[in-house]
Enquirer: 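This is the structure I have questions about; it appears just below.
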Amino acid sequence: MPWPEGDKMEYPFSKIEPKWQKIWREKQIFNPGERTGRPKYYVLAMFPYPSGVLHCGHASNYSISDAIARLKMMEGYSVMQPMGYDSFGMPAENFAIQHNSHPRITTEENIAAMRGQFDSMGFGLDWDREVSTCRPDYYVWGQYLFKKLYEKGLVYRKKSWQNWCESCQTVLANEQVENGLCWRCHGEVSQKELEQWYFRITDYAEELLDFSKLTDWPERVLAMQKNWIGKSEGTLIDFPLEDGSEAISVFTTRPDTVYGVTFMALPPEHPLVQKWLAEEPDNHALHDFCRKVINEDKILRGAEDTTKEGVFSGRYCLNPLNGNKVQIWITNYVLMDYGTGAVMAVPAHDQRDFEFARKYGIPMLLVIQNFEQNLVLPEMAQAYVEPGIMVNSAPFDGRESEAAKAAISALIEEKGCGRVTHTYRLRDWGISRQRYWGNPIPVIHCPRCGVVLVPDEDLPVRLPENVQVGRTTSNPLLSVPEWYRVKCPQCGEDAKRETDTMDTFVDSSWYYARYADPRNDQAPFDPAKANYWLPVDQYIGGIEHAVMHLLYARFIGKFMRDLGWCDCDEPFARLLTQGMVTKDGAKMSKSKGNVVDPTYIIDRFGADTLRTFLLFASPPDKDSEWSDDGVMGAFRFLNRVWRLIESNLDTLKRGLQLSADLEDISAPLRGLLYSSHSTVKKWLDDCQHRRQYNTAIAAVMEHLNHCVAVKDPAGLSDADLAVYAEACGIIPQMLYPFAPHIAEELWQRLGFNELLHESGLPGYEEKYLVRDLITYVVQINGKLRGKLEVAPDIDPEELKKQAMAVENVKRSLEGWSVKKVIVVPGKMVSIVAGK
RNA sequence: GCGAAAGUGGCGGAAUUGGCAGACGCGCUGGACUUAGGAUCCAGUGGGAUUAUCUCGUAGGGGUUCGAGUCCCCUCUUUCGCACCA
């Protein structure tokens, strides 16, 4: 046990923390309505998966959001800070399997346990708005949203190649395949063509690239999203097959190299290749190669060091600009799901094509000569990818390649064999999951009518309860025929329910809006309420969600706007990506055995200590290192605050009734007056503008040190006591966002009747920031040589004179001649001297 | 490989607009009080030296400037993201 048992000298955190949590709850200070006559402020930290245990990451994350929420309350805002649970998903299913229970039961137990832990941290959460994604009153609207997306043409089914684990009978995401084996059962992973449901997020790609309203998002996140969407400008070109039956469409960013195309590269998955395979059952070379490549782990195949391989298809297509015959190769280095899934290969000017052509002896053609005019194909060790002068390109010879791009594209458009376009790296969002613990896709498959949406009056499609999780290797829903056997809502014939459930990212892509109206059973939310609360003014969460969740939520947000459900273009006006809490330099994890249990810290030192430590350890967006000694430091600090006020209560209460004229204040207390006002100024700047709570807390600590330095407060004059009482009184106010319980208790003991969030922000007056004397530093040639104290309004010439007269300066200047003297007002005198 | 961010005492971190580097906290050293310390209080705490002062010092090297942790160039290291994207 790292800490000894309690001590009589400690402040009674275990009494005051529950006391204030109860008072806040009873007074409903965290339950704002929509019409309060005050401006709204919506603070949201990403909702957690309900593991049942609060960990340091949660404690840190929600300490930040609560600090912001309470600050905004002090500022007079009507603040909403809701909480809920991202409770669907595989972890919940696995947790239930481990505990030999049902995910609904374990999830509800975990939620109850976590709620108690959140409350013991003293977070100002509006529990009236609690949502949990696995409850039917929430997921019904996810199904409704699915239907709306479907009706607007933004949902489709597509067959595509997926990582498939035979023994688990499920699709695996790319990151769930390790060295070609299933991460869970270590069985072989093959590629299987499966029908899956997709959301057409790419329809919104262009708008998602518009970051103009995200001015308060970290640059890093915007860069990652931009990178992820990956817009690329280029030209679409059709290469007709030799027999004229159809054409291969390619996307290229280098139309200037089109005369240099010597072969066409297709992946085995390409529809044309699949057609040829069917037509030529005896072409073993082709069949073997395609089977081999398709079954390769996608990640392995995509790795840069994978050798390029291919087979010649025996077929040709024609270059639409010069009619050249172009070999068609089936290769392993072209991606089916980027661009058109086909590449016009220009070996002289693309490194990948270059390597492939050299390996298989495919001809090359130089069409861009460098400006030195010294490129000779047989001598080239790599492709020439830079701009240059066009050659071997009929009408464009002699032109600069960059400039010719547009002209070539225009010619292609004129000939009707292509067009200028763009493509995205972003893929449509595959939302199908073959798992039980997720939101059922509200669809019925009818042999006659095809895909039929479940009618609104039959929503929600409820998850069946009588499912033995973990008993079957495949989707447990497939083992519940009484659930999936249904009549078609259209024709009444026997039909089958969709057994795929939705990706849990669907659930979390709109929850922020549900919080605005969480008990609505007629609609996802009332547009008026959504428009009142949205956008989220401050969103807080981990950087790991930079692309996935934050992109999905932006997409669904825009879709809900287009439906007229709300007016808001961007759901999250301001984003803070908080850092991780590490221990011994690594992320806390059970396997590393470096997990710290926050509930132990709360029991032993109180939530205020934990919160203060977490916020003081580092700026909110940086990782912070856990330190047992650091926790002790925070605890000591709060104890010092407690003692300062508690041991002088009567004196301070008397002092708070007094006021002081400046001229009656003694010199040491004038210093304290300055500390009060300059600290409040810095605290406000750190809290409101810089959002750097570690330095705000440091400023309070520094000010506390000044207060503690005043001995025998009871013996002070009335004027001095007034200053002293003010100096002590602002400490609870400045502590409130970070350590609200102790702040509230001391505030009450000082005789204030209102709660701290009603007290308003502490203020400062500029007139008390004016000092009688200010310190000037004297430098000679950039080196510190002396200091002097002078009146702030000193004449610069007089200042220079006095600076030269400083003993040490005078000595240092002996034998030197002064060349120049620079005065930086309020700061320093810089003397330039030479021999 | 490409892109981004970062590198400051024994440690976490400050230094906001180019102006006293190391605020604040931890740890450590010495002292006071004490039956005791894991409490509290006082003093000290970047390195070096010839210590009332001088000197070196913000990953390393160069530059701009009266003055650089901060701006510019090069190098190294770390972290993160992307990675055959046609």
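Chain letters run A, B, ... following the sequence lines, proteins first and then strands; every chain starts at 1.
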Enquirer: Of the nucleotides B:A86, B:C20, B:G25, which has the atom closest to the A:V777 side chain?
Expert: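 Of all the options, the side chain of A:V777 is nearest to B:C20.
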Enquirer: When you measure from the side chain of A:V824, which nucleotide among B:C85, B:G19, B:U16 comes out closest?
Expert: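 Nearest to the side chain of A:V824 among the choices is B:G19.
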Enquirer: Could you grab the distance from atom CD of A:Q733 to atom CD1 of A:I730, nearest 0.5 Å is fine?
Expert: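 Result: 7.5 Å between the selected atoms.
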Enquirer: Would you classify B:U51 as syn or anti? Syn applies when the glycosidic angle is within 90° of 0.
Expert: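 Syn, angle within 90° of zero.
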Enquirer: Taking protein heavy atoms under 4.0 Å as touching, what does nucleotides 45-60 of chain B look like 5' to 3' if B marks base contact, S marks sugar-phosphate-only contact and - marks none?
Expert: --------SSSS----
Enquirer: Pairing of RNA chain B as dot-bracket, 5' to 3': ( ) intra-strand, [ ] crossing, | other strand, . unpaired, with Watson-Crick or G-U pairs under 3.5 Å?
Expert: (((((((..(((......[....)))((((((.......))))))((((...))))..(((((..]....))))))))))))....
Enquirer: Going by heavy atoms in the side chains, are A:L575 and A:D216 under 4.5 Å from each other?
Expert: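 Side chain of A:L575 against side chain of A:D216, heavy atoms only: no contact under 4.5 Å found.
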Enquirer: Pick out the pairs of N or O atoms, protein on one side and nucleotides 4-11 of chain B on the other, that lie under 3.5 Å.
Expert:
none

Enquirer: Say you draw a straight line from CZ of A:F356 to CG of A:D350; how long is it, rounded to the nearest 0.5 Å?
Expert: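 One finds 12.5 Å between CZ of A:F356 and CG of A:D350.
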Enquirer: Examine the base of B:C20 for any acceptor or donor lying under 3.5 Å from a partner atom in the side chain of A:K787, and report the outcome as yes or no.
Expert: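 Counting by modelled atom types and ignoring angles, a donor-acceptor contact under 3.5 Å is found here.
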Enquirer: Among B:C82, B:U16, B:C85, which is the nearest nucleotide to the side chain of A:R352?
Expert: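 The answer is B:C85, which lies nearest to the side chain.
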Enquirer: Going by distance alone, is a donor N or O of one side chain under 3.5 Å from an acceptor N or O of the other, for A:Q327 and A:W329?
Expert: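 There is such a pair (donor and acceptor under 3.5 Å, judged by atom type) between the side chains of A:Q327 and A:W329.
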Enquirer: Are A:R691 and B:U16 close enough that a side-chain N or O sits under 4.0 Å from OP1 or OP2?
Expert: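 No, outside the criterion.
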Enquirer: Report the nucleotide, chosen from B:C84, B:G27, B:G19, that has the shortest atom-to-atom distance to any side-chain atom of A:D629.
Expert: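 Nearest listed nucleotide: B:G27.
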Enquirer: Just compare B:A86, B:C84, B:A14 and give me whichever is closest to any side-chain atom of A:K308.
Expert: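 Ranking B:A86, B:C84, B:A14 by closest atom to the A:K308 side chain puts B:C84 first.
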Enquirer: Other residues, nucleotides and ligands only: do more than 12 of their heavy atoms fall within 6.0 Å of CZ on A:R358?
Expert: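 It does: A:R358 CZ has more than 12 such atoms within range.
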Enquirer: Using the P atom as the point on both nucleotides, what is the distance between B:C56 and B:A21, in whole Å?
Expert: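 One P to the other, the span is 12 Å.
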Enquirer: Can you tell me whether the base of B:G47 sits syn or anti, using the 90° cut around 0 to define syn?
Expert: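 Glycosidic conformation of B:G47: anti.
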Enquirer: Name the closest nucleotide to the A:M224 side chain, picking from B:G81, B:G13, B:A86.
Expert: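 Nearest nucleotide to the side chain: B:G81.
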Enquirer: If you check every side-chain atom of A:A698, which of B:A86, B:C24, B:G19 has the closest atom?
Expert: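 Among the listed nucleotides, the one closest to the side chain of A:A698 is B:C24.
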Enquirer: A:Q779 has a side chain; which of B:C26, B:G67, B:C82 sits nearest to it?
Expert: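 Closest nucleotide to the A:Q779 side chain: B:G67.
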Enquirer: So if I take every side-chain heavy atom of A:M701 and compare against B:G25, B:A83, B:G13, which nucleotide ends up nearest?
Expert: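 Closest nucleotide to the A:M701 side chain: B:G25.
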Enquirer: Look at all strands and tell whether A:G339 reaches a base, only sugar-phosphate, or nothing, counting heavy atoms closer than 4.0 Å.
Expert: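 Since no nucleic acid heavy atom lies under 4.0 Å of A:G339, the category is nothing.
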Enquirer: Taking the side chain of A:Q692 as heavy atoms from C-beta outward, which of B:A86, B:A15, B:C41 is closest to it?
Expert: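 Shortest atom-to-atom distance from the side chain points to B:A15.
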Enquirer: Side-chain contact, heavy-atom cut-off 4.5 Å: A:Y11 with A:E646?
Expert: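 No - every pair of side-chain heavy atoms lies 4.5 Å or more apart.
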